[in-house]
Structure formats: C-alpha cells, structure tokens
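What follows is a single structure, written as structure tokens, with notes after it.
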Amino acid sequence: MTGPVLAAIRDALHDLPTPPLRGVLWRSLGLTLAIVAVIWAIGTRLISGFAGDLAGAHPIDVPYFVTIVGWLAGLLSGGVLLVAAAFLIAPITTAVAGIFLDDVAEATERGRYPGEAPGRPMPWRESLGQALRFTGLSLAVNLVCLAVALIPGVGLVAFWVGNGWLIGREYFAFAARRMLDRPAAQRLAAAHSGAAFLAGLAAAAVLSIPIVNLATPLFATVTMVHLVKRLSGSRPVAGTVPQARQ
C-alpha cells in the first residue's frame, strides 16, 4: 500500500513547480492571500472597535486609557487570529482551490499520462455538492481541532489525523470520479481507503507548514491523481501505448 502512495507523493512534488501547474498555483495563492488579508483586517478592526467602545463606555481615570485599550485589543486580536488562521486555513484554501482543481487535474493527466484518456469534470451539480460538503466538513473538523489546540500533545495530532482523513477521502473521491463513473469510483475509494488516508496525512503535514500550506489543495489534487492512476489501472487511448509507471 505504501509503494503507490510514496510514488504518488514523489510525482506530485516533481509536478507542482512545472509550468502547467505554476500559473494555477500562483492564481490560487493570490486569491487565498487576498481572502485571508480581508478576514484579518475586518477581524482586528471589529475587535479593536468593540474594545474601544467598551472602554469608552466604562472609562477609568488613566491617561489615554481608551487608546491603550484599543491598541492592546488590536495586538491581542492579531495573536488570536494568527492562531485561528493556522487551523482555519484549510477550509479557506479548500473553498478557493475548488475553482482550480479540474484545471490542476487535467494538466497533471495530460502532462504525465498523454497516452491515456483524460479525466472528465464531474457534472456541475455533483461538483458543487461535493465542494460545499467538503468545505463544511473542513470547517467543522478544524473548529474541533482549534477547540482542543490547548491540550498538550493532542492539538497537532488531531489536526493531522482529522485533516488527513478528510483530505484523503475527498480528494481521492474527486480524482477517482474524474476517471470513473460514480459506482466504480466509490468501489475504488472503499477498496483503497488506507492508501488514501496515508496520502491525506502527507497533505495534512504540508497543511501544518506556514505559507507552504497555501498550496495544500493543489498538492493533494496532484497526489491523488497519480495515486488513482496507479490503483485504477491504465486507460489507454485507442492507437497508443500506455507509458510504464514507476
């Protein structure tokens, strides 16, 4: 089981910096950073404003009391949002990357498997439903991880296991569904849930690295495309000879 997983991870690390994926990577990163910046600005401003209003309503005879409270609230809110962002970056990047996943999968399939039939995007209703479900589950899982973050030795493990399970399940299902009909994709996912979880753990490890974690959905997508290709067998285009997989 580990052989195909390690090979898929190796291929994904090789593919991400290549030109077909580089442009998608930068677009995804730019949009994600813009959303995070907006959330950060609104969050700190709201908390600082609330603290300033509270201090103004209950003044203490200290010079510049309201100003000091507002400054401290801004500093504290920045720290709180920094911790929260570490756990909530997963649903944010998931929501953003959903726009680009089919492009990433198609570029990987065409670049690495030119002799095989390319995958097909899921019907838009099914794709939208999966994206909404995944974003909701990601938000729920990471809120739970955030809640247990202060328990020594538990927070990081919960983060890895929770996100590894979720990423493995959802991204494997996405890659399999591009290549197979729904029943066949479900059977493949059920038969190789352990391999999908291991690949998901690798993506969760990437997710725990600041800055690098912004590329997690793209890394997970490319990894799962390679993994599904290895586990589902060759689908050569008529008149071509499929390339051997190492």
Exercise for the section: With rounding to the nearest 0.5 Å, note down the distance linking CD1 in I167 to CZ in F197. Expected result: 10.5 Å
Completion exercise
Residue pairs passing the salt bridge (Lys or Arg N to Asp or Glu O under 4.0 Å) test with at least one member in residues 129-144, sequence neighbours excluded, are R133-E170
Handout entry: Side-chain donor or acceptor of R177 paired with backbone N/O of L180 under 3.5 Å
Key = yes
Problem - Residues forming a salt bridge (charged side-chain N to carboxylate O under 4.0 Å, His left out) with R110, sequence neighbours excluded - result: E106
Exercise for the section: Run the numbers on L207 and W160 for side-chain contact (heavy atoms from CB on, under 4.5 Å), then give the verdict. Expected result: CA-CA 9 Å; L207 189 61; W160 281 339; over 6 Å; no
Handout entry: Where V5 and A199 come nearest, the two heavy atoms and their spacing
Key = CG1-N, 3.9 Å
Exercise for the section: Determine, stepwise, if the pair L101 / Y171 fulfils side-chain contact (heavy atoms from CB on, under 4.5 Å). Expected result: CA-CA 10 Å; L101 292 189; Y171 280 87; 3.9 Å; yes
Handout entry: Distance in Å, L198 CG paired with T223 OG1, rounded so as to fall on 0.5 Å steps
Key = 12.5 Å
Problem - Residues D11 and R230 bridged, charged N to O under 4.0 Å - result: yes
Problem - Minimal non-hydrogen separation, R178 against P121, with atom names - result: NH1-N, 3.8 Å
Practice task
Specify the closest pair of heavy atoms between F174 and T221, including all atoms of both residues, with the distance to one decimal.
Solution key: CE2-CG2, 3.8 Å
Completion exercise
In short, A107 meets L21 closest at the heavy-atom pair CB-CD2, 3.8 Å
Practice task
Give the C-alpha distance, both sets of side-chain angles, the deciding distance and a yes or no for side-chain contact (heavy atoms from CB on, under 4.5 Å) between V225 and M179.
Solution key: CA-CA 9 Å; V225 167; M179 303 174 202; 3.9 Å; yes
Problem - Closest heavy-atom pair and its distance - M224, F172 - result: CG-N, 3.7 Å
Exercise for the section: Please report the C-alpha distance between R112 and H14 in whole Å, then the side-chain angles of each, then the deciding distance to 0.1 Å, and finally whether the side chain to side chain donor-acceptor pair (under 3.5 Å) criterion is met. Expected result: CA-CA 11 Å; R112 281 287 194 147; H14 176 272; 3.1 Å; yes
Handout entry: Intermediate values then yes/no, side-chain contact (heavy atoms from CB on, under 4.5 Å), T108 and D15
Key = CA-CA 8 Å; T108 303; D15 290 349; 4.0 Å; yes
Exercise for the section: With the side chain counted from C-beta on, respond yes when N163 and T216 share a heavy-atom pair under 4.5 Å apart, and no when they do not. Expected result: no
Problem - Where A204 and F159 come nearest, the two heavy atoms and their spacing - result: O-CE2, 3.9 Å
Handout entry: Nearest-0.5 Å distance, NE2 of residue H226 to CD of residue E109
Key = 10.0 Å
Exercise for the section: Taking side-chain hydrogen bond (donor to acceptor under 3.5 Å, both in side chains) as the test, write out the residues that go with R27, two or more places apart. Expected result: none
